[in-house]
Structure formats: C-alpha cells, structure tokens
Chemist: 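Sharing a structure with you now.
Note that the numbering runs from 1 along the sequence shown for the chain. What you are looking at is a predicted structure, and each value in this text was computed from that prediction instead of being measured.
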Amino acid sequence: MKLIWLGHASFRLETGDLTILIDPWLTGNPMLQEDQHDAAVQGATHILLTHAHFDHVIDVLSLARKLDVPVIGQFDVMNLWSETENIETIGFNKGGTIDVDGVKISMVNAEHSSTFQTDDGLRPGGSEVGYMIAAEGHVIYHSGDTDIMADMEWFADYYKPDIGILCAGGHFTMDMKKVAYVAKRWFDFKTIIPSHYRSFPILAQSAEELVEALPDVKVVEPQVMQAITL
C-alpha cells in the first residue's frame with residue numbers, strides 16, 4: 001500500500017487494484033506544480049471527499065468526468081451531484097461502511113464546517129466527515145478537517161487504527177500540539193502523516209513539534225509526489 005501526498009490535504013492512496021484520490025486539489029494548489037497534475041491523478045479509480053471547502057472540492061467534479069470515476073462521500077452532496085452533475089457517486093453517511101473491491105471505508109464524524117462557494121456566497125455543503133480505511137491489514141484514520149472530539153476515544157477503541165493521516169496545520173484545524181495530545185490520549189498509532197499544513201503561511205510549516213512529542217510513533221513528514229510505503 002502506498003500513500004502519495006499531493007500537497008495541502010490531498011492524497012493518492014494506492015492499494016491492490018485501487019487508486020483513491022482523497023480531496024484532490026490541483027487548481028491553485030501552491031504545493032503541486034502544474035506539470036505534476038497528470039501524474040498525480042493518473043490511473044485513479046475513485047475519488048474520496050471529506051467536505052465541500054474549495055481546497056478539497058474545487059477539482060472533484062472535473063476530475064470525476066475526466067477520469068470517469070465515481071466520487072465517494074457524504075450522502076447529501078453525493079445525492080445532489082448524482083442528480084445535477086451527471087457523474088457516478090457513492091453516497092453514504094456517518095456510521096456507515098462501504099466495501100470497495102475489498103477495501104472497507106467507514107465514515108466517521110468530524111468537527112469543522114462544510115460549505116460551497118457560489119455566485120451567491122457560501123452555501124451549506126452537506127456534513128464534514130472523516131474516514132476509517134481498512135486495507136492490507138491496516139486501518140487508516142483519515143481525520144478530514146477537524147478539531148479534537150470526544151468521539152476520538154471510541155474511534156480508537158472500535159476501529160483501532162494503526163495509521164493516522166491527521167490535519168495538523170492549526171488555525172482551521174487541529175495543530176501539532178493537539179494531534180500529539182489525541183495520539184497520546186486515545187490512539188495507538190504506529191505511523192502518523194500530518195496533513196493540511198505547509199501550504200499557506202498561516203499554517204504550520206513543519207511537523208518537528210509533533211515528531212518531538214511522539215518519540216515512539218513514526219511521524220512521516222510527506223514530500224509532494226513521493227510515495228510513502230505503509
């Protein structure tokens with residue numbers, strides 16, 4: 001199983017015959033060069049969406065059409081798109097689990113917001129969510145954009161994720177200190193990959209604080225378009 005960071009909060013997860021793009025942001029992504037866009041999405045089989053903010057959703061519809069792949073996400077948004085955008089969607093909701101060619105994806109709560117940018121201003125865009133992704137003997141907790149939640153206690157106990165892809169940039173989400181806190185308090189991660197950082201000056205530019213706080217966890221600072229073997 002391989003994970004490739006596309007910058008900011010965008011990832012490419014390769015497992016078996018699946019290549020899942022998670023919140024793929026290409027247009028305007030300050031960390032992903034334009035000449036890297038095609039390689040970033042080549043061979044994708046699915047798109048997984050956590051919420052509707054522009055830095056997660058802006059390229060999803062165009063990619064779904066270009067690549068002819070389904071979008072997986074929260075039911076309200078997927079239902080809207082299946083009716084109005086002529087794309088294939090797989091909609092489900094918090095508490096649900098879907099099986100995608102042997103990869104089990106469970107939708108869990110997140111604490112953030114979810115809005116679309118429209119010509120009439122911001123409009124609600126379903127619910128913000130995270131995911132537990134079970135594949136190849138691992139369980140990945142992809143937090144989406146979130147703050148600390150008490151829910152994380154039962155997430156850890158029930159799903160027992162060993163890998164965390166966790167928002168850690170601060171300002172809009174948890175920061176490095178909070179990620180270290182939840183990792184120590186509730187989870188038994190073997191590997192953590194920080195997300196939603198380094199892309200804007202207002203966000204954390206390094207995961208050094210997280211590395212120092214979790215000496216017994218493998219904290220991997222991802223590099224754009226460089227594969228991490230999980």
Chemist: Among Leu166, Ile163, Ile133, which one satisfies side chain to side chain contact (heavy atoms under 4.5 Å, CB included) with Tyr141?
Modeler: Leu166

Chemist: Answer yes or no: is there a donor N or O on one side and an acceptor on the other, between the side chain of Ser143 and the main chain of Cys167, under 3.5 Å?
Modeler: yes

Chemist: Indicate yes or no: at least one non-hydrogen side-chain atom of Phe172 is less than 4.5 angstrom from one of Ile202.
Modeler: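 Sidechains of Ile202 and Phe172: in contact.
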
Chemist: Any chain of hydrophobic side-chain contacts (each under 4.5 Å) joining Ile228 to Ile165?
Modeler: yes

Chemist: Do Phe54 and Tyr197 share a hydrophobic cluster (ILVMFWY, side-chain heavy atoms under 4.5 Å, transitive)?
Modeler: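 In one cluster with Phe54: Tyr197, no.
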
Chemist: Do Leu26 and Leu63 make a side-chain contact, defined as non-hydrogen atoms from C-beta onward lying under 4.5 Å apart?
Modeler: yes

Chemist: For the residue pair Gln74 / Asp76, report whether a side-chain donor-acceptor contact shorter than 3.5 Å exists.
Modeler: yes

Chemist: Is it true that, when you exclude Glu208 itself, more than 12 heavy atoms of the residues, nucleotides or ligands shown sit nearer than 6.0 Å to its CD?
Modeler: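 Not buried by this count: 12 neighbours or fewer within 6.0 Å.
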
Chemist: What do you reckon, is CZ of Phe92 surrounded by more than 12 foreign heavy atoms closer than 6.0 Å?
Modeler: yes

Chemist: Atom NZ of residue position Lys104 - does it have more than 12 heavy atoms of other residues, nucleotides or ligands inside 6.0 Å?
Modeler: no

Chemist: A side-chain contact here means heavy atoms from C-beta on lying under 4.5 Å apart; do Phe187 and Ile192 qualify?
Modeler: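 No, side chains not in contact.
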
Chemist: Closer than 4.0 angstrom, basic N to acidic O: yes or no for Lys66 and Asp59?
Modeler: no

Chemist: Can you find a heavy atom in the side chain of His196 that is under 4.5 Å from one in the side chain of His56?
Modeler: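 With C-beta onward as the side chain, the pair touches.
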
Chemist: Set out, in order, the CA-CA distance, both residues' side-chain angles and the distance that settles side-chain contact (heavy atoms from CB on, under 4.5 Å) for Met132 and Tyr158, then state yes or no.
Modeler: CA-CA 11 Å; Met132 296 288 176; Tyr158 186 84; over 6 Å; no

Chemist: Hey, are Asp55 and His8 close enough side-chain-wise for a donor-acceptor pair under 3.5 Å?
Modeler: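 A pair is found: one side chain offers a donor N or O, the other an acceptor, under 3.5 Å apart.
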
Chemist: Hey, are the side chains of Tyr131 and Met107 touching, using non-hydrogen atoms and a 4.5 Å cut-off?
Modeler: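 The answer is yes, as the side chains (C-beta and beyond) meet within the 4.5 Å cut-off.
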
Chemist: In terms of ring plane angle, is the pair Trp186 and Tyr181 parallel, tilted or perpendicular, where the classes change at 30° and 60°?
Modeler: perpendicular

Chemist: So, Thr118 side chain and Asp120 main chain: donor-acceptor pair closer than 3.5 Å or not?
Modeler: yes

Chemist: Measuring only between side-chain heavy atoms, which start at C-beta, is Gln33 closer than 4.5 Å to Met225?
Modeler: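 The answer is no, as the side chains (C-beta and beyond) never meet within the 4.5 Å cut-off.
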
Chemist: With side chains defined as the heavy atoms from C-beta onward, is the minimum distance between Asp175 and Glu209 less than 4.5 Å?
Modeler: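 They are not in contact (no side-chain heavy atoms under 4.5 Å apart), so the answer is no.
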
Chemist: Can you name the nearest heavy-atom pair linking Ala135 to Met1, along with the distance?
Modeler: O-CE, 3.7 Å

Chemist: Taking atom CG of Asp99 as the centre, report whether more than 12 heavy atoms of other residues, nucleotides or ligands fall under 6.0 Å from it.
Modeler: yes

Chemist: Determine whether a donor-acceptor pair (N or O, by modelled atom type, separation under 3.5 Å) exists between the side chain of Glu111 and the backbone of Asp145.
Modeler: no

Chemist: Test of understanding: clusters of I, L, V, M, F, W, Y form through side-chain heavy atoms closer than 4.5 Å, transitively. Do Val60 and Ile90 belong to the same one?
Modeler: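 Looking at the clustering, Ile90 is in the same group as Val60.
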
Chemist: Any side-chain heavy atom of Leu3 within less than 4.5 Å of one from Val220?
Modeler: no

Chemist: With a 4.5 Å cut-off on side-chain heavy-atom distances among I, L, V, M, F, W and Y, is there a chain of contacts connecting Trp25 to Trp5?
Modeler: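 No, because Trp25 and Trp5 fall into different hydrophobic clusters, even though each may have its own neighbours under 4.5 Å.
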
Chemist: So, using salt bridge (charged side-chain N to carboxylate O under 4.0 Å, His left out) as the criterion, who are the partners of Asp151 when residues are at least two apart?
Modeler: none

Chemist: Using only atom types and a distance under 3.5 Å, with no angle test, would you say the side chain of Arg12 pairs donor to acceptor with the backbone of Ala40?
Modeler: yes

Chemist: Do Phe75 and Val77 land in one hydrophobic cluster if side-chain heavy atoms of ILVMFWY residues count as linked below 4.5 Å?
Modeler: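 Different clusters.
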
Chemist: Looking at Trp154 and Ala156, would you say the former's side chain and the latter's main chain have a donor-acceptor pair under 3.5 Å?
Modeler: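 Answer holds: no.
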
Chemist: Taking all non-hydrogen atoms of both residues into account, name the closest pair between Ala180 and Leu210 and its distance.
Modeler: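 It is N-CD1, 3.7 Å.
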
Chemist: Check the orientation of Tyr159 and Phe155. Use parallel for under 30°, tilted for 30 to 60°, and perpendicular for over 60°.
Modeler: perpendicular

Chemist: Assess, by modelled atom type and distance only, whether the side chains of Ser114 and His51 contain a donor and an acceptor separated by less than 3.5 Å.
Modeler: no

